[in-house]
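Presented below is the structure to which this report refers.
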Amino acid sequence: MTNRPDETPKKTAAGGQSPPAILRAAREQLVELTGRHPESLPRLERTDAGWVLEAEVVELARVPDTMSLMGLYEVTLDPDGLLTGYRRLHRYERGRSDRR
C-alpha cells in the first residue's frame with residue numbers, strides 16, 4: 001500500500017491499521033492481483049491472524065446488467081493490511097436474491 005505524502009495511515013488505539021485503511025488496502029491489492037474492481041465489500045472481520053473480508057466483483061458483464069456473473073471472494077490480510085490470500089467462495093447471477 002502506498003500513501004500520498006500528505007496522507008498517513010490511520011491507526012487504531014491498539015496501534016494497528018484502522019478498518020477504513022484495511023478496506024482501502026484490500027481493495028487496491030485485490031485489483032492489482034485480479035484486475036477486477038470490487039463493487040462491494042460486505043464483510044470485514046478482525047481475526048487472530050489479521051483480517052478477513054469478502055468482496056463482490058463482476059466476473060462476466062452481460063446485458064441486461066442483472067444477468068452479469070458475480071464472484072464473491074474471501075480475502076485474508078495480515079494485521080498491517082497486506083494481502084495474504086484470496087479465493088472465490090461463490091459465483092452467481094447479479095439478479096438472484098439467493099446468492100448462497
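- Under the 4.5 Å side-chain heavy-atom criterion for grouping Ile, Leu, Val, Met, Phe, Trp and Tyr, Leu82 is not connected to Val52 through any hydrophobic cluster.
- The two residues Trp51 and Asp78 come nearest to each other via the heavy atoms CD1-O, 3.6 Å.
- For the side-chain hydrogen bond (donor to acceptor under 3.5 Å, both in side chains) test, no residue two or more places apart in sequence or in another chain qualifies with Glu32.
- Side-chain contact between Gln17 and Leu77 is absent, with no heavy atoms from C-beta onward closer than 4.5 Å.
- At a threshold of 4.5 Å between non-hydrogen side-chain atoms, the residues Met70 and Val57 do not count as touching.
- Arg27 contributes atom CZ, which lies 4.5 Å from atom CG of Leu41 (distance to the nearest 0.5 angstrom).
- Identified under the salt bridge (charged side-chain N to carboxylate O under 4.0 Å, His left out) test for residues 62-73, with sequence neighbours left out: Asp65-Arg94.
- In terms of heavy-atom proximity, Ser68 sits nearest to Ala61 at OG-CA, 3.5 Å.
- Across every non-hydrogen atom of Gln29 and Gly81, the tightest pair is NE2-O, 2.7 Å.
- One finds the CD atom of Glu59 at 9.5 Å from the OH atom of Tyr92 (value rounded to the nearest 0.5 Å).
- Scanning all heavy atoms of the two residues, the minimum distance from Ile22 to Pro79 falls at CD1-O, 4.2 Å.
- Nearest heavy-atom pair across Gly71 and Arg88 is CA-CD, 4.4 Å.
- At a threshold of 4.5 Å between side-chain heavy atoms, the hydrophobic network of Ile, Leu, Val, Met, Phe, Trp and Tyr places Leu72 and Met67 in two separate groups.
- Atoms CG and CD, on Leu44 and Glu54 in that order, are 10.5 Å from each other to the nearest 0.5 Å.
- Summarising the hydrophobic clusters (Ile, Leu, Val, Met, Phe, Trp, Tyr; side-chain heavy atoms under 4.5 Å, direct or chained), the residues clustered with Val31 are none.
- Under a hydrophobic clustering in which Ile, Leu, Val, Met, Phe, Trp and Tyr are joined whenever their side-chain heavy atoms come within less than 4.5 Å, directly or via other members, Leu60 and Leu30 fall into different clusters.
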